[in-house]
Amino acid sequence: MKNNNDVVRVRFAPSPTGFVHIGSLRTALFNYLFAKHSGGKNILRIEDTDQTRKVEGAVENLIKVMGNLGIEFDEGPVQGGDYGPYYQSQRLGIYKKYCDELLAKGSAYYAFETSQELDEMRKLQQLEGRQTMYDRRARDLSEDEVRLNLKNGLPYVIRLKVPLNEEIRFDDVIKGTIKIETNIIDDQVLLKSDGFPTYHLANVVDDHLMKITHIIRGEEWVTSVPKHIIIYNALGWEIPQMAHVPLILNRDKSKLSKRQGDVAVEDYLQKGYLKETLTNFIALLGWNPGEGEEQEFFSMEELIKKFTLEKVQSSGAVFNVDKLNWMNNEYIKNYDPDKLTEMALPYFSKAGFEISDKDRIKKILLLIRVYLNKLDDIPDNIVYFIKKEIELESENLKEFLTADSSKKVFEKLSEKISLLDKLDPENYKTAVSEVQKETGIKGKALFKPLRIALTGSENGPELPMIADILGKEKVLDLLKRWI
RNA sequence: GGUCCCAUCGACUAGGGGUUAGGUCGUCACUCUUUCACAGUGAAAACACGGGUUCGAAUCCCGUUGGGACCGCCA
């Protein structure tokens, strides 16, 4: 165990295979919160040991997204640090060295099977209803055989020699004590035939060399912890604290996957979920401050202050978009108007709205923000500010526009408005109530046709505000169409 | 199938031997608003089951059931 004087060092160790998964974000966030809470260091390490899954630009994208969300690193590819390089692909020599050490200590061995052979082995095991697992066939190859194979240039991997008939146990900060019999642990490949390490080797070596004190990662890793412990033990290294956070789940409680909705953080960002919402919401997925705390809105600073691993849930959490929407809407409703306006510009632009007049945009935004679950909902909510003619939401609404009483209302109101210098919410209201007095038309018969004439819809934000934003000319134009 | 993990309203969760089991989202109703939304008020809604331990179990233990993860020269 680590002694208490050690400064906390945690790492987020993604493999750069494309977009940033919501689950990755949560892991990264928990690492960050824990590091900051404990006054420790948050380290980014890129686990790019799978040459076949490499995606161009993935690392840059990842760093950008993390930075965007306010998750910072003290060491990593960008800022460097004393324990680099922080790309595993640049540490190949290091892994080789420790692999040789394991070999020398008899804790690892050469194996010469091809992938095809292993596939066949697995198929057979499946057919027989047995657990698929390497049958350790190369475990006891004689030194001569190994030497001969190597001399003949046979491709090889190096496998972990799992000690048999033992029980491995470890204490997980979140899950408690976990024990597993070594007999069912695979003789895991440590070094692949292309000379790259597997995750299992690389992660242990790096965590040790980078002086990682706490490993915080997804629950899908628990079953491989014993393999890692065997490596730590073989090398005589101390084992960091483990904290396996529960999975984020689909609606059907399976591991959150692309099939059932968006899983890329980029997607949510693009749709206009605010970064504050995302970190707040994700933090609450699997963690809560406890102690009867009923607050649900937390800034990053508050999260840092309150976050502890002990309060991380031990069971999985369903990713509930409804609640995310609610929370995002709350953030939008309470956001600084000017900042919100800046963030909203692209969405206005996307809707074909001229964005040079920011005051006008701010006015519209403040009017419609209660309807926005995400900024991407903006286009749908501003159609009547854009279109030359209104689009009727439903054909049924037309009768309200063509009714005799409506015509009278439109006529009268047009007269009044055309006399005004400039339309504003107040004088619009006055004009309408004058129309009401003079025509005797009131209630639905008065307001509904007006709303429909100006917006094409029977519901929406306050009409005087809409009229104001539309402006005198546009309002007159829209009214006169039905006279 | 094997191993491991998990189990409070539909969802996120608080509570953790004695509570009317609390909050939030969602749902429903009412109020407000001559619209919808917002806001406000209220309602329905949960301790998976069975055994122990105990004066007393949602809470501790065991089992059952259910769910999930993992079983790659992927991470």
Side-chain angles (χ1 to χ4, degrees), chain A residues 13-17 24 47-53 88 111 113-115 118-119 122 125-126 128-134 155-159 172 174-176 178-181 183-186 188-200 202-203 217-226 244 246-247 249 251-255 281 284-297 311 313-327 329-330 333 368-372 381 436 442-448 450-452 455 457-463:
Chain A
S15 69
T17 53
S24 297
E47 310 231 327
D48 55 350
T49 54
D50 185 352
Q51 292 304 87
T52 62
R53 293 210 308 168
Q88 289 188 326
E113 295 80 26
T114 62
S115 300
L118 294 173
D119 280 346
R122 264 178 233 117
Q125 289 170 334
Q126 244 158 20
E128 292 171 354
R130 287 188 291 140
Q131 184 187 358
T132 55
M133 177 177 177
Y134 180 62
Y156 66 89
V157 300
I158 290 169
R159 285 182 179 271
D172 188 278
I174 295 165
K175 303 271 176 192
I178 296 172
K179 11 178 200 190
I180 297 177
E181 300 288 331
N183 288 9
I184 57 119
I185 299 174
D186 220 336
Q188 188 62 50
V189 170
L190 299 177
L191 202 69
K192 301 183 254 186
S193 54
D194 62 2
F196 278 70
T198 59
Y199 171 83
H200 304 285
N203 130 292
R217 58 166 36 149
E219 185 184 315
E220 68 264 37
W221 292 108
V222 278
T223 47
S224 48
V225 171
H244 287 91
L247 267 13
L249 312 173
R251 225 164 240 297
D252 68 358
K253 304 232 173 196
S254 58
K255 188 171 160 183
F281 183 75
L284 256 20
L285 230 44
W287 173 85
N288 72 84
E291 285 156 4
E293 176 72 80
E294 286 180 356
Q295 182 183 337
E296 288 201 282
F297 290 87
K311 288 292 181 185
Q313 208 73 13
S314 53
S315 53
V318 172
F319 186 84
N320 185 339
V321 180
D322 283 339
K323 189 156 183 178
L324 175 69
N325 283 338
W326 162 78
M327 183 172 273
N329 176 252
E330 288 294 317
K333 280 186 299 201
I368 63 168
R369 84 214 283 205
V370 292
Y371 298 93
L372 306 177
N381 284 280
Q436 178 184 130
K442 55 181 181 177
K444 269 189 186 161
L446 173 66
F447 290 94
K448 208 166 175 180
L450 284 175
R451 175 173 290 283
I452 296 168
T455 70
S457 168
E458 50 185 333
N459 41 38
E462 295 160 72
L463 207 46

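Here is how names work: the chains are called A, B, and so on, in the same order as the sequence lines, proteins then strands, and each is numbered from 1. This structure is a prediction, so every number in the text was calculated from the model and none was measured. Reckoned from all heavy atoms, side chains included, excluding hydrogens, waters and symmetry mates.
- Around CD of A:Glu462, the count of heavy atoms belonging to other residues, nucleotides or ligands within 6.0 Å does not exceed 12.
- Map A:Lys323 and A:Arg53 each onto its nearest nucleotide of RNA chain B; the residue landing nearer the 5' end is A:Lys323.
- With a 3.5 Å ceiling on both atom-pair distances, B:A37 lacks any Watson-Crick or G-U wobble partner.
- A gap of 33 Å separates the P atoms of B:G15 and B:U3, to the nearest Å.
- Separation of the C1' atoms belonging to B:G23 and B:G42 is 16 Å when rounded to the nearest angstrom.
- By the 4.5 Å heavy-atom criterion applied to side chains, A:His244 and A:Ile178 are not counted as neighbours.
- Listed nucleotides: B:C38, B:C70, B:A75. Nearest to the side chain of A:Val370: B:C38.
- At the heavy-atom level, A:Pro197 lies under 4.0 Å from the strands shown only through sugar-phosphate atoms.
- Mapping A:Ser254 and A:Asp48 onto RNA chain B by nearest heavy atom places A:Ser254 at the nucleotide closer to the 5' end.
- Counting non-hydrogen atoms under 4.0 angstrom, A:Thr114 reaches a base of the nucleic acid.
- For B:C32, there is no paired base (Watson-Crick or G-U wobble, both distances below 3.5 Å).
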Starting at the 5' end of nucleotides 27-36 of chain B, put B wherever the base has a protein heavy atom under 4.0 Å, S where only the sugar-phosphate does, and a dash everywhere else. -------BBB

What string of B, S and - do you get for nucleotides 44-50 of chain B 5' to 3' if you count protein non-hydrogen atoms under 4.0 Å? -------

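- Put simply, A:Lys333 has no side-chain N or O that comes within less than 4.0 Å of OP1 or OP2 on B:A37.
- Taking a pair to require two hydrogen-bonding distances under 3.5 Å in either a Watson-Crick or a G-U wobble arrangement, B:U65 pairs with B:A7.
- We find that A:Lys175 and A:Glu219 are joined by a salt bridge, their nearest charged nitrogen and carboxylate oxygen being less than 4.0 Å apart.
- Separating the CG atom of A:Asn325 from the C1' atom of B:U24 is a distance of 15 Å, rounded to the nearest angstrom.
- By the salt bridge (Lys or Arg N to Asp or Glu O under 4.0 Å) test, A:Asp322 is found to be paired with no residue, residues two or more places apart in sequence or in another chain being considered.
- Under the Watson-Crick or G-U wobble criterion, with both distances below 3.5 Å, B:C70 is paired with B:G2.
- For the pair A:Ser15 (side chain) and A:Thr17 (backbone), a donor-acceptor distance under 3.5 Å is absent.
- Across all strands shown, A:Val318 has heavy atoms under 4.0 Å from sugar-phosphate atoms exclusively, and none from any base.
- Counting heavy atoms from C-beta on, the side chains of A:His200 and A:Asp186 never come closer than 4.5 Å.
- For A:Asp172, there are no salt bridge (Lys or Arg N to Asp or Glu O under 4.0 Å) partners, not counting sequence neighbours.
- When side chains are defined from C-beta on, A:Leu463 counts as touching A:Leu450, because their heavy atoms get closer than 4.5 Å.
- Atom CZ of A:Arg122 is separated from atom P of B:C74 by 11 Å (rounded to the nearest Å).
- Salt-bridge formation is detected for the pair A:Glu296/A:Lys323: a Lys NZ or Arg NE/NH1/NH2 atom is positioned less than 4.0 Å from an Asp or Glu carboxylate oxygen.
- For the C1' atom pair drawn from B:C4 and B:C9, the interatomic distance equals 29 Å after rounding to whole Å.
- Side-chain atoms of A:Tyr134 and A:Leu118, non-hydrogen and from C-beta on, do get closer than 4.5 Å to each other.
- Which of B:C12, B:C74, B:C70 sits closest to the side chain of A:Ala317 comes down to B:C12.
- For A:Leu247 and B:G68, the CG to C1' distance is 8 Å, given to the nearest whole Å.
- Base pairing annotation: B:U20 forms no Watson-Crick or G-U wobble pair, as no partner gives both donor-acceptor distances under 3.5 Å.
- When distances are taken from the side chain of A:Asp50 to each of B:G23, B:C12, B:C74, the shortest belongs to B:C74.
- We find the CG-CD1 distance between A:Asn459 and A:Ile452 to be 9.5 Å, quoted to the nearest 0.5 Å.
- The side-chain heavy atoms of A:Phe281 and A:Trp326, taken from C-beta on, include no pair separated by under 4.5 Å.
- For A:Gln88 and B:C74, the CD to C1' distance is 13 Å, given to the nearest whole Å.
- Considering only the side chain of A:Leu118, B:C73 comes nearest among B:A39, B:C38, B:C73.
- In this structure, A:Trp287 atom CH2 and B:U24 atom P are separated by 18 Å, rounded to whole Å.
- Side-chain contact between A:Met327 and A:Phe297 is present, with at least one heavy-atom pair separated by less than 4.5 Å.
- For A:Gln188 and B:G72, the CD to P distance is 8 Å, given to the nearest whole Å.
- Listed for the A:Glu293 side chain is a donor-acceptor partner under 3.5 Å among the backbone atoms of A:Gln295.
- In this structure, A:Arg217 does not reach the B:A69 phosphate: none of its side-chain N or O atoms is under 4.0 Å from OP1 or OP2.
- Base pairing of B:C60: its partner is B:G52, meeting the Watson-Crick or G-U wobble criterion (both donor-acceptor distances under 3.5 Å).
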Pairwise N/O distances under 3.5 Å, protein to nucleotides 62-64 of chain B:
none

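- For A:Asn288 and B:U13, the shortest distance from a side-chain N or O to OP1 or OP2 is not below 4.0 Å.
- One C1' atom belongs to B:G52, the other to B:A57, and the distance between them is 11 Å to the nearest Å.
- Within the nucleic acid shown, A:Gly286 comes within 4.0 Å of sugar-phosphate atoms alone, with no base atom in reach, counting heavy atoms only.
- Pairing each heavy atom of A:Pro197 with each of A:Ala202, the nearest pair is CG-CB, 3.9 Å.
- Atom CE of A:Met327 is separated from atom C1' of B:U24 by 9 Å (rounded to the nearest Å).
- Between A:Thr132 and B:G72, a side-chain N or O to OP1/OP2 separation shorter than 4.0 Å is present.
- Residues A:Val157 and A:Glu113 form no side-chain contact, since every pair of their non-hydrogen atoms from C-beta on lies 4.5 Å or further apart.
- When distances run from any side-chain atom of A:Lys192 to the nucleotides B:C74, B:G26, B:C12, the shortest one goes to B:C74.
- As rounded to the nearest Å, B:A45 and B:U24 have C1' atoms that lie 14 Å from one another.
- Between B:C47 and B:G66, the distance separating the two C1' atoms is 16 Å to the nearest Å.
- Nucleotides B:A48 and B:C6 have their P atoms positioned 15 Å apart, rounded to a whole Å.
- If you check B:A44 for Watson-Crick or wobble pairing at under 3.5 angstrom, you find it has no partner at all.
- Nucleotides B:U54 and B:C12, compared at atom C1', are 33 Å apart to the nearest Å.
- Atom C1' of nucleotide B:C71 and atom OH of A:Tyr199 are separated by 16 Å, given to the nearest angstrom.
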Distances under 3.5 Å only, N/O to N/O: pair up the protein atoms with those of nucleotides 2-10 of chain B.
unit_1	atom_1	unit_2	atom_2	d
B:C5	O2'	A:Lys175	NZ	2.9

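- Taking 4.5 Å as the limit, every side-chain heavy atom of A:Ile158 sits out of range of all side-chain heavy atoms of A:Lys192.
- When each of A:Thr198, A:Leu191, A:Val189 is paired with A:Arg159, the side chain to side chain contact (heavy atoms under 4.5 Å, CB included) condition holds for A:Val189 and for no other.
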